[in-house]
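Along the sequence shown, the residues carry numbers beginning at 1.
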Amino acid sequence: MQLRKILLATLIAMAPFAAQATADADLGSGHASYYGNELAGRRTASGEMFNPSDFTAAHRTVAFGTRVKVTHLGNGREVIVRVNDRGPWGRGRIIDLSYAAAKELGMHRSGTAQVKLALVRD
């Protein structure tokens with residue numbers, strides 16, 4: 001009977017962590033920029049060809065294939081991209097987006113935007 005109480009207490013104590021494990025993990029915020037069409041067809045750091053029409057991105061540390069939710073802090077628009085390249089190498093940038101992702105966020109005209117990043121968990 002004592003063992004059951006201990007197990008139940010442990011499960012109750014761990015419940016908040018289980019809920020947190022399924023939530024999106026915060027990757028920070030900062031300035032985003034985007035790749036132009038002039039890089040179409042060139043290889044990314046992951047080895048695949050860059051396609052401006054795909055929802056992809058470059059990040060310095062996130063693993064290739066990871067999905068990241070990008071939220072434009074100025075207008076609230078969101079897009080989910082897949083990391084397939086390294087960068088950005090521009091000063092003060094935290095992510096480089098494909099043209100399609102930038103257009104979806106509404107930043108394709110300005111070229112940059114203040115964004116928040118979150119790791120998308122499956």
**Asked** At their closest point, which heavy atom of P52 faces which heavy atom of N37, and how far apart are they?
**Response**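 Looks like CB-OD1, 3.1 Å.
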**Message:** Could you report the tightest heavy-atom contact between P88 and A58, atom names first, then the distance?
**Reply:**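 That closest heavy-atom pairing would be CD-O, 3.9 Å.
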What distance do [X] atom [atom1] and [Y] atom [atom2] have between them, rounded to the nearest 0.5 Å?
X    : Y    : atom1 : atom2 : value
K103 : R109 : NZ    : CZ    : 8.0 Å
D26  : K69  : CG    : NZ    : 10.5 Å
T61  : I94  : OG1   : CD1   : 10.5 Å
D96  : T112 : CG    : OG1   : 11.0 Å

[X] side chain vs [Y] backbone, donor-acceptor pair below 3.5 Å:
X   : Y    : answer
D85 : T44  : no
R77 : E104 : yes
T71 : L73  : no
R67 : R121 : no
N75 : L105 : yes
S29 : K116 : no
R86 : H59  : yes

**Test log, rule salt bridge (charged side-chain N to carboxylate O under 4.0 Å, His left out), inputs R82 and E48** = CA-CA 12 Å; R82 181 178 48 83; E48 67 183 82; 3.0 Å; yes
**Request:** Determine, stepwise, if the pair R60 / W89 fulfils side chain to side chain contact (heavy atoms under 4.5 Å, CB included).
**Result:** CA-CA 8 Å; R60 289 187 191 104; W89 306 116; 4.2 Å; yes
Do [X] and [Y] share a hydrophobic cluster, counting only Ile, Leu, Val, Met, Phe, Trp and Tyr and linking them when any side-chain heavy atoms are less than 4.5 Å apart?
X    : Y   : result
M107 : L27 : yes
F64  : Y35 : no
V115 : V81 : yes

**Request:** For residues M49 and R42, determine if any side-chain heavy atom of one lies less than 4.5 Å from a side-chain heavy atom of the other.
**Result:**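 Counting from C-beta outward, M49 and R42 never come under 4.5 Å.
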**Asked** Would a 4.5 Å heavy-atom cut-off, applied to side chains only, mark F50 and T56 as touching?
**Response**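 When only atoms from C-beta onward are counted, T56 and F50 do touch, with a gap below 4.5 Å.
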**Item:** Plane angle bin for H108 and Y99 - parallel if under 30°, tilted between 30 and 60°, otherwise perpendicular
**Value:**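 Judged by the thresholds at 30° and 60°, the geometry between Y99 and H108 is perpendicular.
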**Prompt:** Does any donor atom in the side chain of D54 or S98 lie under 3.5 Å from an acceptor atom in the other side chain?
**Reply:**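 On atom types as modelled, these side chains do not qualify, holding no pair under 3.5 Å.
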**Item:** Full working for side chain to side chain contact (heavy atoms under 4.5 Å, CB included) between I80 and F55
**Value:** CA-CA 7 Å; I80 294 178; F55 289 89; over 6 Å; no
